[in-house]
Amino acid sequence: MTTGNAFTGPDASSLYHDGSRLAARTSALHRAKTQGRPVADVIADLAADHLTAPRQAVIADIGCGRGTSGRVLAEAVQPRQLLAIDASPAMLAAARTRISAAQPPDAHTAVTYLRADFHHLPLLEASCDLAVAAFCLYHAPDPRPVIAEITRILTPGGAAILVTKSADSYRSLDHLVAAAGLDPHAAQRPSLYESAHGGNLADLTAPFLRIGRIEHEEHRFVFAGLDHVAAYLATTPKYTLPSAMAGDPDVIAAALRAAVPDEPVLATSTITYLTATRGDHA
Ligand SMILES: C[S@@+](CC[C@H](N)C(=O)[O-])C[C@H]1O[C@@H](n2cnc3c(N)ncnc32)[C@H](O)[C@@H]1O
């Protein structure tokens, strides 16, 4: 049985070598979502709360992905500078498209796109008023050096907004995948979020930053039927599926339909928002 974690393993970067997997995953989850605030809006609200002079601020969006949070930050907070940082050129290109499409020609915010590993940010010490790291710390086998690096780039009193998911996210799908025989060990696979999840994020952060607020919000999803579940499953690297099935929603849907009733499937994921500040004398 495979016990490795595809989110932190040696091939993790291949998950983001183009934007298609993340776009399909986000689309499947978005269509299923029945409860939970839009994460980018919550991040922008938290950012505005923590900045004394938002329009003068420098914000780093670390692991910016397709620019979902960056776009809302540029629109709602309008910092002086937004640094969109990601290891994947494809994600940075998608972020550039998304953010620039939403920016008016006379936008106040200067947006810079930086390709970098979040273990080694190409930024000076104490150069950012706020750093956001949403849904990316779980790609570090040990997120603590990344949080140390985030601390380094924050100004004294600067804030970090760290966002992750619960380790048990989408667990009902593990049981469905196992019951259908697609991956009999599905329920024993490690959580994709095992290195940074809602249950350990505070402990990971406390050695570096002064923790302010932690909020947990349950998001609920209702997949309309097995085609919809399959659209999501085709995008998750969690399971060990027969090779003919991997990444192919039609083949996955057919295999599910042959084994389990085609009916709506409920799943949950609890989102954790942690805000923390760098001490004045850090
Ligand atoms: C699930 S996406 C999250 C995107 C975005 N923050 C959001 O909230 O939608 C994770 C992102 O982290 C990036 N990432 C993973 N490992 C990284 C690393 N070592 N350094 C920088 N970015 C990384 C990936 O390329 C991907 O774009």
Side-chain angles (χ1 to χ4, degrees), residues 5-30 33 36-47 59-74 76 82-99 102 111-123 130-150 152-153 160-166 169-170 191-197 201 217 219 232 235-238 269 271-274:
N5 187 327
F7 265 21
T8 53
D11 296 330
S13 62
S14 68
L15 297 169
Y16 301 103
H17 80 274
D18 71 36
S20 57
R21 184 198 68 89
L22 188 56
R25 175 186 173 84
T26 305
S27 165
L29 286 174
H30 186 74
K33 192 165 164 189
R37 292 169 295 167
V39 171
D41 291 357
V42 179
I43 290 172
D45 287 348
L46 290 170
I59 298 180
D61 184 6
I62 295 160
C64 67
R66 302 188 306 142
T68 312
S69 299
R71 181 182 65 77
V72 180
L73 285 165
L82 175 67
L83 306 165
I85 303 168
D86 204 283
S88 159
M91 293 294 118
L92 284 172
R96 185 188 291 272
T97 301
R98 177 169 276 105
I99 295 171
V111 188
T112 303
Y113 300 88
L114 295 171
R115 182 184 180 192
D117 184 332
F118 51 34
H119 294 87
H120 306 286
L121 296 170
L123 300 173
L130 184 101
V132 173
F135 304 133
C136 61
L137 291 174
Y138 45 61
H139 287 301
D142 178 357
R144 289 171 297 185
V146 183
I147 299 172
E149 182 66 346
I150 290 171
R152 183 187 68 77
I153 64 160
I161 300 171
L162 309 180
V163 185
T164 191
K165 301 189 183 196
S166 52
S169 293
Y170 319 114
S191 169
L192 292 173
Y193 315 108
E194 69 176 344
S195 80
H197 54 81
L201 190 60
E217 182 185 30
H219 286 208
Y232 169 80
T235 70
T236 178
K238 180 169 188 176
S269 172
I271 306 300
T272 294
Y273 301 91
L274 182 152

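Read the numbers this way: they start at 1 and go in the same order the structure lists the ligands and their atoms. Every value quoted in this text rests on a predicted model; they were computed, and no experiment measured them.
- I153 pairs in a side chain to side chain contact (heavy atoms under 4.5 Å, CB included) with only one of the listed residues (I62, I85, L83), which is I62.
- Looking at A116 against ligand 1, only its backbone comes within 4.0 Å, counting heavy atoms.
- Because its NZ or CZ atom is both nearer than 6.0 Å to the ring centre of F135 and within 45° of the ring axis, K165 counts as a cation-pi partner of that residue.
- The residue among R21, R25, R66, H139 with a heavy atom at the shortest distance from atom 16 (N) of ligand 1 is H139.
- Here C64 has backbone heavy atoms under 4.0 Å from ligand 1, and that is the only part of it that gets that close.
- Among F135, Y16, F118, the residue whose heavy atom lies closest to atom 3 (C) of ligand 1 is F135.
- Listed by number with element, the atoms of ligand 1 under 4.0 angstrom from any heavy atom of G65 are 4 (C), 27 (O).
- Near S88, the atoms of ligand 1 lying under 4.0 angstrom from a non-hydrogen atom of the residue are 25 (O).
- By the 3.5 Å distance cut-off applied to N or O atoms, C136 is not counted among the residues near ligand 1.
- Ring orientation note: the planes of F7 and Y193 are nearly perpendicular, at an angle over 60° on the 30°/60° scale.
- Considering backbone and side-chain N/O atoms, M91 never comes within less than 3.5 Å of an N/O atom of ligand 1.
- An N or O contact shorter than 3.5 Å is missing between T68 and ligand 1 by distance.
- Atom 6 (N) of ligand 1 has G63 O, 2.6 Å as its closest protein atom, hydrogens excluded (heavy atom only).
- For the pair R25 and Y232, the cation does not sit on the ring face, since its NZ or CZ is not both under 6.0 Å from the ring centre and inside 45° of the axis.
- The two atoms that bring T164 and Y138 nearest to each other are OG1-CD2, 3.2 Å, heavy atoms only.
- The two atoms that bring E149 and L121 nearest to each other are OE2-N, 2.7 Å, heavy atoms only.
- Distances from atom 27 (O) of ligand 1 to the heavy atoms of D86, V146, L15 show the closest one on D86.
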As a quick check of understanding, evaluate side-chain hydrogen bond (donor to acceptor under 3.5 Å, both in side chains) for D18 and S20, giving each step before the final call. CA-CA 6 Å; D18 71 36; S20 57; 2.5 Å; yes
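- Of the polar atoms of A87, at least one N or O is found under 3.5 Å from an N or O of ligand 1, judged by distance alone.
- In terms of protein heavy atoms, atom 7 (C) of ligand 1 is closest to A134 O, 4.1 Å.
- When ring centroids are compared, H139 and F118 stay outside the 6.0 Å threshold.
- The D117 neighbourhood of ligand 1 comprises atoms 18 (C), 19 (N), 20 (N), with distances under 4.0 Å to a heavy atom of that residue.
- The two residues R66 and A23 come nearest to each other via the heavy atoms NH1-CB, 3.7 Å.
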